[in-house]
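Report on the following structure.
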Amino acid sequence: MEIEELKKELKKYLKEERYEHSICVMEMSEKIAEIYNVNKMKVMKAALMHDMAKQMPIEKLKKYILDNKIKVSEIEMLLGITLHGKVAADICRKKYGFDDIMCKAISNHTTGRPNMTMFEEIIFIADKIDETRKYEGVQELRALAFKDIDMAIVKNIEYTTKNNLEKGRLILEQSIKTRNYILINKQR
Ligand SMILES: [Fe+2]
Ligand SMILES: [Fe+2]
């Protein structure tokens, strides 16, 4: 399906603000893909649709996960925040014919995972630094993403983790694994 058609589909799922974020993530992913030599069209499609299930009620997401036998950890089920990516990946595969590379990037866009492909890294970071993001340090992170995408991911996870700790929230171990993997293996 072409980008323009996907946009129309996406509008059915998302409210204006989340739709706007999706468009901005798509634009950011295009710029980053250019630098790291990744197929732009595929990255843009995955970026556009990464949050398509974000506004599904949590109970519906959980039901979808169980009905479709999607693998998620206990803590993910408990926290709920990563489920929209898992569901979006499944819908995009079945409904829009997205391939494995695209689906994996959508599925893991919230926490990342150890040993991500460049494609996944682009989706992960574009989501965190798109033009709708306003948190402190986002500009520096944007600049870093264009120079050293691995370190930009590490910095983003550190920022999010710190924030979650300060607020007394649970921490997803998958984020920590993603960060550690990069720090241990960073030498491309
Ligand atoms: Fe998301
Ligand atoms: Fe997002």
Side-chain angles (χ1 to χ4, degrees), residues 3 6-7 9-33 38 42-62 64-65 68 70-73 75-93 95-96 98 101-113 116-117 119-135 137-139 141-142 145 149 152-153 155-157 159-161 163-164 167 169-179:
I3 292 230
L6 286 171
K7 281 186 189 170
E9 285 293 305
L10 188 64
K11 270 212 164 119
K12 296 182 198 162
Y13 289 97
L14 299 179
K15 293 191 194 114
E16 189 56 36
E17 206 176 306
R18 183 63 53 180
Y19 179 78
E20 201 52 50
H21 160 70
S22 304
I23 297 289
C24 288
V25 174
M26 180 186 78
E27 289 169 355
M28 184 56 75
S29 75
E30 183 183 15
K31 289 184 203 162
I32 306 174
V38 171
K42 265 166 80 166
V43 164
M44 288 168 74
K45 286 180 183 176
L48 180 67
M49 302 305 275
H50 80 284
D51 269 346
M52 58 99 63
K54 184 80 178 179
Q55 276 158 8
M56 259 192 210
I58 192 76
E59 287 316 314
K60 221 177 148 188
L61 286 170
K62 285 184 180 171
Y64 189 100
I65 299 270
N68 291 277
I70 298 169
K71 235 179 73 193
V72 298
S73 68
I75 187 140
E76 284 188 286
M77 213 51 167
L78 194 69
L79 264 179
I81 56 161
T82 57
L83 303 184
H84 71 282
K86 314 284 161 200
V87 170
D90 197 68
I91 296 174
C92 285
R93 175 181 289 120
K95 207 169 166 190
Y96 307 122
F98 282 21
I101 295 165
M102 298 160 90
C103 293
K104 216 163 192 181
I106 294 174
S107 178
N108 294 306
H109 81 262
T110 309
T111 58
R113 68 170 179 97
M116 282 192 279
T117 59
F119 192 102
E120 288 171 275
E121 293 204 344
I122 293 172
I123 299 297
F124 177 93
I125 203 67
D127 177 39
K128 314 301 182 292
I129 59 169
D130 78 281
E131 291 298 331
T132 64
R133 302 280 189 187
K134 301 284 185 238
Y135 58 87
V138 68
Q139 266 157 323
L141 203 58
R142 258 176 218 139
I149 192 167
I153 291 167
K155 292 284 166 216
N156 173 263
I157 292 172
Y159 172 87
T160 312
T161 306
N163 198 27
N164 285 335
K167 291 184 171 134
R169 294 180 186 144
L170 290 169
I171 304 291
L172 282 166
E173 59 256 46
Q174 187 74 343
S175 309
I176 307 300
K177 284 183 186 165
T178 303
R179 171 182 175 273

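Any value given below was found using the heavy atoms of this structure, including those in side chains, with hydrogens, waters and symmetry copies removed. Atoms within each ligand, like the ligands themselves, are counted from 1 in listed order.
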Apex the Fe ion (ligand 1); atoms His84 NE2 and His109 NE2; angle rounded to 10 degrees: 90°

Vertex the Fe ion (ligand 2), rays to OD1 in Asp127 and OD2 in Asp51 - rounded to 10°: 170°

Val138 to Lys128 - nearest heavy-atom pair and separation: CG2-O, 4.2 Å

Metal site angle (apex the Fe ion (ligand 2)), NE2 from His50 and NE2 from His21, 10 degrees: 100°

Residue that, paired with Phe124, satisfies side-chain contact (heavy atoms from CB on, under 4.5 Å) out of Ile149, Ile153, Thr110: Ile153

Shortest non-hydrogen contact between Ala88 and Ala53, atoms and distance: N-CB, 4.0 Å

Distance-minimising heavy-atom pair for Gln174 and Gly112: CG-O, 3.3 Å

